[in-house]
Amino acid sequence: MKYRSSRFAWLATLTVLFLAGMFLAGCMPDAKSHEQAGIAISFDDHFISDWHALRPLFKKYNAKVTFFITCPDSLTKEEVTQLKELESDGHEIGFHSTTHGKSTELIAAVGPAGYVERELKPGLGFMAAAGFFPKSYAHPGGNHNDQVDSVLFANGFKILRDVGVSRRKLFGIQIYALAPRFMNWVYYRFDQKKSVDALFIDTDSEVTEVEMAEAIQKAKDTNTALMIFGHQPLYAAPKNGQYGFNVPFLEKILREASRQKLKFYTMSELPDQTSTD
């Protein structure tokens, strides 16, 4: 136990120093212009009916978002219709893999060609048959490496989204808690970057309303786009293995973004923008 405590203290110290270095190296000064300031919201997995039920909320704030679909082989006719309606509202339909497996393990086992045949082509084929042709990709579980990325880009994806977590725990003990406003890597600087991170906002992320308001303010001040993502819309505490974000929490994010006059970006729109600063 004593050894574990010492090891934990050493790891925690290194983590704090590492994060402090990243923050200091990536400070963003306030911008002169705020015309590009925005927010890019995305949702992962296969909660299509639940997402579709949020249409009135998105319309209320003139918000457009990105839905990353996994397991498209199981799309029902009703879900395809719902996705078409979301797309017609201006939302983007992205891809989140065929099986939601670990990309790095699969590509190591079967090589780039095997990865394409097993993980990309089947799912994209089902998406195309339903009338969707995704240009943005969200890494399942944030699992990827340079080889995986190069294959995804070679297969036509414009932008790849990873995961940004503001709190980390080890053996149930919190290693660090970093306010999102200090996580410069979840802000898009309109520099045509194609591999990005988005802030995780599900309930177990423990991100607070105050932290989100500060993060949105930073996007406005720095003329950048805050990137965030969640999973299933929830109206109560998660139960029976549920994972997702609180809908009232999402509405507060949308309301604050609208109040700050932030633009709503879909993920594939981000690399098409040229910085005005």
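In what follows, every heavy atom counts, from backbone to side chain, and hydrogens, waters and symmetry copies are set aside. Quick caveat: nothing in here was measured; it's all calculated off a predicted structure.
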Determine the minimum heavy-atom distance between T266 and G90, stating which atoms define it.
CG2-O, 3.9 Å
Identify whether the distance between the nearest side-chain nitrogen and carboxylate oxygen of E211 and R181 falls below 4.0 Å.
no
If you round to the nearest 0.5 Å, how far is OH of Y265 from CD of Q36?
5.0 Å
Decide whether M212 and L262 are clustered together by the hydrophobic rule: side chain heavy atoms of Ile, Leu, Val, Met, Phe, Trp, Tyr closer than 4.5 Å, transitively.
yes
Could you tell me which residues satisfy ring pair (Phe, Tyr, Trp, His ring centres under 6.0 Å) with F249, sequence neighbours excluded, listed by chain and number?
none
Report the residues that fulfil ring pair (Phe, Tyr, Trp, His ring centres under 6.0 Å) with H96, sequence neighbours left out, ordered by chain and then residue number.
H100
Side-chain donor-acceptor pairs of residues 131-140 under 3.5 Å, sequence neighbours excluded:
from : atom 1 : to   : atom 2 : distance (Å)
S136 : OG     : E92  : OE2    : 2.7
H139 : NE2    : H144 : ND1    : 3.4
H139 : NE2    : D149 : OD1    : 3.4

Going by ring pair (Phe, Tyr, Trp, His ring centres under 6.0 Å), name the residues that satisfy it together with F47, two or more places apart in sequence or in a different chain.
Y243
I'd like to know if the side chain of N246 pairs up with that of K252 as donor and acceptor (distance under 3.5 Å, no hydrogens or angles considered).
no
CZ of F153 to CG of D146: how many Å apart, nearest 0.5 Å?
10.0 Å
Between D89 and K64, does any side-chain N to carboxylate O distance fall below 4.0 Å?
no
Cut-off 3.5 Å, side chains only: do N143 and T104 have a donor facing an acceptor?
yes
Compare every heavy atom of F264 with every heavy atom of A257, then report the nearest pair and how far apart it is.
CB-CZ, 4.0 Å
Any chance you could measure L57, atom CG, to L254, atom CG, to the nearest 0.5 Å?
5.0 Å
Can you tell me how far CD1 of I39 sits from CD1 of I253, rounded to the nearest 0.5 angstrom?
6.0 Å
Side-chain atoms of residues 226-236: list all donor-acceptor pairs with protein atoms under 3.5 Å, sequence neighbours left out, distances to 0.1 Å.
from : atom 1 : to   : atom 2 : distance (Å)
H231 : ND1    : D202 : OD2    : 2.7
Q232 : NE2    : D50  : OD2    : 3.1

Carboxylate-amine/guanidinium contact E35 K263, below 4.0 Å
no
Distance (rounded to the nearest 0.5 Å) between F67 CZ and E87 CD:
11.0 Å
Output for pair (L54 CG, S49 OG), nearest 0.5 Å, gives 11.0 Å
Tightest non-hydrogen contact, residues F68 and F95, listed as CD2-O, 3.4 Å
Results of side chain to side chain contact (heavy atoms under 4.5 Å, CB included) for T76 - residues two or more places apart only
E78, E79
Shortest non-hydrogen contact from V151 to I107?
CG2-CD1, 4.0 Å
For R161 and A198 the tightest heavy-atom approach is CD-CB, 3.5 Å
How close do T66 and M267 get, heavy atom to heavy atom, and via which atoms?
OG1-N, 2.9 Å
